[in-house]
Structures are given as C-alpha cells and as structure tokens.
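Working notes, beginning with the structure itself.
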There are 2 protein chains.
Amino acid sequence: MAEIDTASFVPSLAIDCVVFGFHENELKVLLLKLTGVDVWALPGGFVDKNKDLEKAAIDTLEVRTGLTDIFLRQFHTFGSIARNDPNHPKFLIDKGLISEDLFDWFNQRFVTIGFYALVEYSQVKEPVPGPISEACEWCSVNDLPPLMLDHQEIVEKAHKALKRELSYQPIGLNLLPNQFTMSELQALYETILETQLDRRNFRRKILSYGILKDTKKFRTGVAHKAPALYEFDVSAYKKASQAGLNMGW
Amino acid sequence: MAEIDTASFVPSLAIDCVVFGFHENELKVLLLKLTGVDVWALPGGFVDKNKDLEKAAIDTLEVRTGLTDIFLRQFHTFGSIARNDPNHPKFLIDKGLISEDLFDWFNQRFVTIGFYALVEYSQVKEPVPGPISEACEWCSVNDLPPLMLDHQEIVEKAHKALKRELSYQPIGLNLLPNQFTMSELQALYETILETQLDRRNFRRKILSYGILKDTKKFRTGVAHKAPALYEFDVSAYKKASQAGLNMGW
DNA sequence: TTATCTTAGTGTCATAATGACGCAAAGAAA
DNA sequence: TTTCTTTGCGTCATTATGACACTAAGATAA
C-alpha cells in the first residue's frame, strides 16, 4: 500500500504521461496495471512543491522506463470538474491500494497536465510498476484495456496531438532505433496517421527533407531484397524541427 | 482594494487569457493596468472549486469584454517554479492592491493555464478593469507595456500558438467584422504571421478554400477603387476548421 | 476636364510538389 | 531454376506555388 507524503505536493495538481513507443508496426503506450484490479492507468503523479512541471514528468518517466533524456511535450491540461469521480478515492482504499488517511488527498479536485513522450521501444528494457501497480506494460493504442478515470480521453488527445505534430515536424528520431529502413519509417508514419501512404511517394517526400543519411549498409538476414539502412542526420533533423515542414503560408 | 474569498478557489491554480483583437492593421491584446503602478497584467483569475477551467476563462472574458460566445483555446500551462516571484505578493500589498491577509494566498506557488481568445475588436465597446486595476486597454503585441510576472512570455507563446494555428486552420471569423474586404483579411494574415504576402497569390489561395462568400456589395466612401465585401461561409468555414487545411501527409 | 495616382481584380507563366503507377533488380523460398 | 515479394528508381499528368504583367475603378491633382 502506498504511503506518500502529501504535504510536499502542490495541491490539486497532477501530471500524466502518455509514453508512446513503436513496435511490430503498432503504436504503443506504456500503462500501469493497478494491483488486484483490471484497471490501468497512465504513469503520472503529483507535483513536488519545488519542482518544475517538466521535471516532474521527466522524473516519472525515468522511474518507469529507466530512460533519461526523453522527448517530452506538454499537450493539454485536463481540468473539467466531471473528471473527478467521487467514488475513485473510495475505490482505491477498498482495493487496498492506498491507506485510508489519504482519502482527503485523493478526494480533491485534480487538474492534470498531460505530457506525451516518444521513446524507443527497445530501449525500455523492463518497465517498472509503481507502488499501487503490479505491472507496467506496453499496450497498443488501438486496443486499450479499461483505463482509470479519464485516462482514455487523455491517450486519445495525446495521439491526436502527435498526429498533428507529424504534419509539420519530422518525427522518428525518438521512436526508431538508430538505424532503420525506409519501410520502417513509413510504417511509423502510417501507424501514427492511421492511413496508408504510397511507398514511392513517401520515399521521395521524406528524402526531400534532407534529414536522412544513407548509411550504405543494408539490413541482412531478412526475407527478400535487403533494404538500405538509414539514420537521421541529427543536425538537419533539428533544424527542420525548428523551422517546421509544411507551413501553409 | 480587492477582497476575495480564497476558500472557494482551487489552490495553486490560475488561468490567464490572451485576448487578441485586430485593429488598424495591428494585432492587439487586452491588458489590465494595475492601479497606481505602471505594471500591466493579463485578464485572468483563480478557478472556482466547482467550475470547469474553460468556464473560468469564459467568465473572465465576459466580465472584461461583455462578450459571450468567444473563440477560446487552451494553448499552454505555465508551471515553472521560477515564475513565482517571492516579492510579488509583498508588492501587491505595498501598492495597496490587496489586503494583507491575502499574503499567504498570493504567496503560493501558482500554475497558470493559458488560454487565448479571438474577438472582434469593434464588438468590445468598453473593456472593464477589475478590482485591482484602473484600466483595461488594447495594446499592440509589438509594443507591450511592462507586464507582471511572466505575462510577457505568456503573450509571446500565445502569439506563436496562433501563428501555428493559422497554418492549418482558417482564421478570421472571430477577428473580423461580418463583412470585410480581401485586403483586410490579408492584412490580418500578414499581421499574425509577421510577414508580407503577395496580394494576388493570397486571393487565389484563400478563395480556393471555398470559405468565403462574395456579398456582391462594395465598400464605399474609401479612396480609390471600391473593394468587394466578403463574408465567411460559416458552414464551410467550420468544415475546413475541422478538416484542417494544409496537412502535410 | 483631363492627367495622375493608388488600389482592386484578373490573368499568365515557369517551376515545384503531388498523386498514381510502371518496371527492373535483389534475394528468399518453392 | 522458377516464383514471389520487397526494394529502388523512374515516368507522367495534375495541381499548387511564386513572381509578376495588365487593366479597371475611383479619388485627387493640375
């Protein structure tokens, strides 16, 4: 059962992180399974009184994934009064997840600041559960388990934000391994955008951005023709990120 | 001096609104001048315990502008610990803006949720100051007076968000009067984007979106050739807003 | 009254970007 | 050796974009 020192936290405020990973052509999010019940939650937490919001999110992510230096972006703050289910604190206590004297703390109205993070799936060796959870796993965004409170909505909004981001920013540096094939990059785009793209046109367009470096190496040991391996030209990538890609005006 | 019932507010939490208007080819924001000092602030406030964040922003705007039904968008939440100037509450008390017993409330760490609003300048007849301000005025974003705390940064971030919005959404419905000329619409775009656009190419592109209706009327009594008056085709405009305009993929 | 000046409206043209799709080469599997 | 699938390269028609010329309308100046 979780014992936390609520006095050190900013009241009413929480953060939630939607951690995206990409594996087997699926967009995944990291979720925590609450101990003893089939309810899942986003990694997140309260905000220490003398900690920046960003830092609170970064620290949460480090604990769960072991990763530092993660791509992180604040995308929305969720503050509807409806999101505070009055039965929630009772539920947590009944299930033995928190002690009874935390009732008041959990019974507050919380406003949560949503961040999304992009991480390289394979880099996260063993996601670690928290004090009130028994598992931390990757789940496909298209097949989410039952989520706590409004966490489903938070995931959806994060995905939407990511989609939008994609249309004027290069994406991939934080989601793919160092070297990758053109097909893998395309699959990432298709997965995030939930649409199909023409293979040849995709190649042409992405190459035109000048953010890819041909490594002159090939992926071996795979079926069919060995595809070329690319990596991102980090400085060009960052420059393109700054400038924005498809600005309309 | 402001007397407020802090017990009814969510602690640690505030909202700030960047209200954009467009007048004389300038992008303006609505600011409040604190009584007795040359320090200005964004309209904003605390969040009532049983009020949605959006509603808090809407209510703030109604009080200041008299307008209901305003275009409003949450764009960022500001929560750095650095934004809390420990001298600020003392400053407010010294200047006689708030009573001494509010020191503790104002001395909290505040996280503020930033909204920007788009309003039609001429619709705001007489902006009304609040309890701690003696004036409420439109100021050009390019020539802002000294602002309280990090409000300058908030305005800048809002402008940036608006700029970005412009590149994949139609804008104007909420900023221009019902009928307007092509030049006025272009001036709005140029002002927000801080760039010059070719007159003829702008016309072609904006017309291609199919969101404008030719009213068959002309602006009279102006120098030179009488320009045609347009209005937005609201349903087409909303459809375009939904769909997004210049998605890259 | 006529010439001049400025803004509005329309059109042109070269170039770039996009969408649709053909074809051959490289491997792995049959 | 043949078949099958994926990769890499290219074509072509259409559309979008940037640069800019020309004419019309109306106010002002000569």
Side-chain angles (χ1 to χ4, degrees), chain A residues 24-25 166-170 172 176-177 179-191 193-231 240 243-249, chain B residues 24-25 166-170 172 176-177 179-191 193-231 240 243-249:
Chain A
E24 289 176 341
N25 283 2
L166 203 54
S167 65
Y168 54 89
Q169 296 264 292
L176 292 176
Q179 304 199 334
F180 50 87
T181 67
M182 191 57 80
S183 301
E184 286 161 358
L185 182 57
Q186 181 177 344
L188 172 64
Y189 271 73
E190 291 183 333
T191 304
L193 294 171
E194 298 175 294
T195 185
Q196 297 296 111
L197 301 169
D198 182 272
R199 189 173 60 85
R200 295 147 292 191
N201 294 339
F202 175 81
R203 161 189 294 273
R204 178 178 55 193
K205 185 156 179 175
I206 203 90
L207 284 175
S208 79
Y209 292 158
I211 57 173
L212 294 182
K213 272 195 303 194
D214 189 341
T215 64
K216 308 285 177 197
K217 287 191 275 187
F218 297 87
R219 167 138 315 151
T220 55
V222 290
H224 315 301
K225 183 171 179 177
L229 285 170
Y230 292 88
E231 32 183 64
L245 290 176
N246 288 290
M247 302 316 258
W249 293 95
Chain B
E24 286 174 344
N25 283 3
L166 204 53
S167 65
Y168 54 88
Q169 296 262 293
L176 292 176
Q179 304 199 334
F180 49 86
T181 68
M182 190 59 78
S183 302
E184 285 161 359
L185 182 58
Q186 180 178 345
L188 172 63
Y189 270 74
E190 290 182 335
T191 304
L193 294 171
E194 299 175 294
T195 185
Q196 296 298 110
L197 301 169
D198 181 272
R199 189 172 61 85
R200 296 146 292 189
N201 295 339
F202 175 81
R203 160 189 294 273
R204 178 176 53 192
K205 185 157 178 172
I206 203 89
L207 284 175
S208 78
Y209 292 158
I211 57 174
L212 294 181
K213 272 194 303 192
D214 189 340
T215 65
K216 309 285 178 196
K217 286 191 274 186
F218 297 87
R219 167 137 313 151
T220 55
V222 290
H224 315 300
K225 182 171 178 178
L229 285 170
Y230 292 88
E231 34 182 64
L245 289 176
N246 290 289
M247 302 317 257
W249 293 98

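Predicted model only: the values in this text are computed from it and were never measured. Naming convention: chains lettered A, B, ... in sequence-line order (proteins, then strands); numbering from 1 in each chain.
- Mapped onto DNA chain D by nearest heavy atom, B:A223 and A:A223 fall at different nucleotides, with A:A223 at the one closer to the 5' end.
- Heavy-atom distances to DNA chain C give each of A:G221 and A:S208 a nearest nucleotide, and the one nearer the 5′ end belongs to A:S208.
- From B:L245, atom CG reaches atom OG of B:S208 across 8.5 Å, with rounding to the nearest 0.5 Å.
- Between the CG atom of A:L207 and the P atom of D:dG10 there is a distance of 12 Å, given to the nearest Å.
- Residue A:R199 places a side-chain atom within donor-acceptor reach of the base of D:dG8, judged by atom type and a 3.5 Å distance cut-off alone.
- When the salt bridge (charged side-chain N to carboxylate O under 4.0 Å, His left out) test is applied to A:R199, no partner is found at least two apart in sequence or on another chain.
- Using a 4.0 Å heavy-atom distance criterion, A:S183 is classed as a sugar-phosphate-only contact.
- Applying the salt bridge (charged side-chain N to carboxylate O under 4.0 Å, His left out) rule to B:R219 yields the partners B:E184; only residues at least two apart in sequence or on another chain are considered.
- Taking a heavy-atom distance under 4.0 Å as the criterion, the stretch of DNA chain C touched by chain A extends 5' to 3' from C:dT18 to C:dA28.
- If you take CZ of A:R204 and P of D:dT7, they are 18 Å apart, rounded to a whole angstrom.
- Atom CZ of A:R219 is separated from atom C1' of D:dT6 by 14 Å (rounded to the nearest Å).
- Judged by distance alone with a 3.5 Å cut-off, a donor-acceptor contact links the side chain of A:K225 to the base of D:dT7.
- How far CG of A:L193 is from CH2 of B:W249: 8.5 Å, rounded to the nearest 0.5 Å.
- For A:R200 and D:dG8, the shortest distance from a side-chain N or O to OP1 or OP2 is not below 4.0 Å.
- When all heavy atoms of A:I206 and A:L212 are compared, the closest pair comes out as CG2-CD1, 4.0 Å.
- Rounded to an integer number of Å, the gap from CZ of A:F218 to P of D:dT6 is 18 Å.
- Here the straight-line distance linking atom NZ of A:K205 with atom CG of A:D198 works out to 12.5 Å at 0.5 Å rounding.
- Separating the CD1 atom of A:I206 from the C1' atom of D:dG8 is a distance of 17 Å, rounded to the nearest angstrom.
- In this structure, A:D198 and B:V222 both approach DNA chain D, and ranking their closest nucleotides by distance from the 5' end singles out A:D198.
- Taken to the nearest 0.5 Å, the OG1 atom of B:T191 stands 10.0 Å off from the CD atom of B:Q186.
- Rounded to a whole Å, the CG atom of A:N201 is 15 Å from the P atom of D:dC9.
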